[in-house]
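Notes to accompany the following structure.
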Number of protein chains: 2
Amino acid sequence: MLSHTEENHLKAIFHLSKDQNEGVSTNSIAQNLKTKAPSVTDMLKKLCDKNLITYKKYQGALLTDDGRKTALNIIRKHRLWEVFLVEKLEFNWSEVHEVAEQLEHIKSKKLINELDRFLGYPTKDPHGDPIPNPAGFIKHTTKVLLSDLKKGEKGTFVGVKDSSSAFLKFLDKRKISLGSLIEILHIEDFDDSLHVSIGNTNLTISMKSANNIYLKKQ
Amino acid sequence: MLSHTEENHLKAIFHLSKDQNEGVSTNSIAQNLKTKAPSVTDMLKKLCDKNLITYKKYQGALLTDDGRKTALNIIRKHRLWEVFLVEKLEFNWSEVHEVAEQLEHIKSKKLINELDRFLGYPTKDPHGDPIPNPAGFIKHTTKVLLSDLKKGEKGTFVGVKDSSSAFLKFLDKRKISLGSLIEILHIEDFDDSLHVSIGNTNLTISMKSANNIYLKKQ
DNA sequence: AATTATTTTTAGATTAATCTAAAAATTTTG
DNA sequence: CAAAATTTTTAGATTAATCTAAAAATAATT
Ligand SMILES: [Mn+2]
Ligand SMILES: [Mn+2]
Ligand SMILES: [Mn+2]
Ligand SMILES: [Mn+2]
């Protein structure tokens, strides 16, 4: 039985893993979990002893198959609870993360499987992220950043890269929600800001924001 | 912010409080929480420092107003989650307690108030126990043990004293569920066992079981 | 390649929650 | 009411999670 802290480390390592070969650095984990490097080093040793990661001094951490499966199970719980909060408890998508961080550690196979059924087996969380199945299989869809589109191209808003509460509220204010059709009307030379149409309104989006909006290209 | 352990101690003290004057003993708390007396003594000192209980050496613990309100808030969460598990996630009433013991520690005012609304503001949990309101007010109903009834008397099954999984399954097996009308047909002299009618079937109930069944007298 | 900068680990301390064994206080009993 | 039994507390140790400061290793730069 893993502690909350152990589970949080596994999840952080999963989210920070880009490359299969390159270990996730101690500092990046510390930053992600708002803790300090020595605490992470201790935890990496422990997770290595439990065969959830491979870890050699100064070489960062890599999830084992077992560790990866464990991480995906926690992410599954996190995302299912987020769906529950939005669909059933009328939370805004900007409010769910903090509570899901707590709920993801509840231990009960039956609970999460029944929750999944109750929610109608959702495949995406409120931020557009895929929900792993009970076996830890995750379905990726091809998506592209709004900032990578050219003038005249369009796509459907399917997810956010930055899911901070601040950014989500920013999107709410501009009525940009998952499923919106976005088309690039013009790209400003001076500051790379984008003039886009969303539904039947036009607005300007900064490069920084465009860099956090995922689209499914059409 | 209280730890799980602190919250569990407050809840135990609440459940073990009979008398307003008599402090709850260290050993009874230890037994209730499956821990040892020295651990409890340490925790009592801490809770006293936080003004959640009054505690004088060798005199047991008494909840302060603040402590009582905190305990009732945890109990409110526990019981609302139990309702959720039974009503929405198809748990049996014998399966919910363990999971609710975890869920009751999730910290989010909004979560619990929205859950309450989602469930339709229930007043009782699946075992017939009352759900405190957000202010910590709890509504008691008069009820009597089946074992206290005399021949010919009857009542509605409204709660259990022993809510162990074993007893709840025992009741399931005999199709005795909350709301059943129970009438005492005969009391056996030899072993005090009860012949009762439940709905349209008759059966025999031991004194030990009758001592754990609450009825609303009719 | 040597120096400097950065990252990571080790060393050592702290706080919380737990335990066993022993001492102290209270309660029960003859 | 004194002795015995029970309960409670204290003393001291252990494990987990955390931190700061210092040492060691690695990476980047002249
Ligand atoms: Mn989240
Ligand atoms: Mn999410
Ligand atoms: Mn319960
Ligand atoms: Mn209950």
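Any value given below was found using the heavy atoms of this structure, including those in side chains, with hydrogens, waters and symmetry copies removed. Below, read A as the first sequence line, B as the second, and so on, with proteins coming before strands; counting in each chain starts at 1.
- A pairwise comparison of heavy atoms in Leu72(A) and Gly136(A) identifies CD1-O, 3.1 Å as the closest pair.
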(request) Heavy atoms under 4.0 Å is the rule here; annotate nucleotides 5-12 of chain D 5' to 3' with B where the base is hit, S where only the sugar-phosphate is, and - elsewhere. (result) --SBBB--
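- Rounded to an integer number of Å, the gap from CE of Met1(A) to P of dA16(D) is 15 Å.
- Listed by first then second residue, pairs satisfying salt bridge (Lys or Arg N to Asp or Glu O under 4.0 Å) with a partner in residues 54-65 of chain A number zero, not counting sequence neighbours.
- If you measure from atom CD of Glu6(B) to atom P of dT15(C), you get 15 Å, rounded to the nearest angstrom.
- Rounding to whole angstrom units, CD of residue Glu22(A) and C1' of dT26(D) are separated by 14 Å.
- Applying the side-chain contact (heavy atoms from CB on, under 4.5 Å) test to Ser25(A) and every residue at least two apart in sequence or in another chain returns Asn27(A), Ser28(A).
- Note: CG (Asn8(A)) to P (dT18(D)) measures 9 Å, nearest angstrom.
- Within the 4.0 Å cut-off from OP1 or OP2 of dC19(D), at least one side-chain nitrogen or oxygen of Thr35(A) is found.
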(request) Take His127(B) and His97(B) through the ring pair (Phe, Tyr, Trp, His ring centres under 6.0 Å) test and state the conclusion after the steps. (result) CA-CA 10 Å; His127(B) 313 107; His97(B) 185 74; 7.3 Å; no
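- Side-chain contact annotation: Trp93(B) with Asp172(B), donor-acceptor N/O pair under 3.5 Å present.
- Rounded to an integer number of Å, the gap from CE of Met43(A) to P of dC19(D) is 11 Å.
- Using a 4.0 Å heavy-atom distance criterion, Thr5(B) is classed as a sugar-phosphate-only contact.
- Cation-pi geometry between Lys88(B) and Phe84(A) is not met: the NZ or CZ atom fails to fall both under 6.0 Å from the ring centre and inside 45° of the normal.
- One atom, NE2 of His4(B), and another, P of dA16(D), lie 18 Å apart when rounded to the nearest Å.
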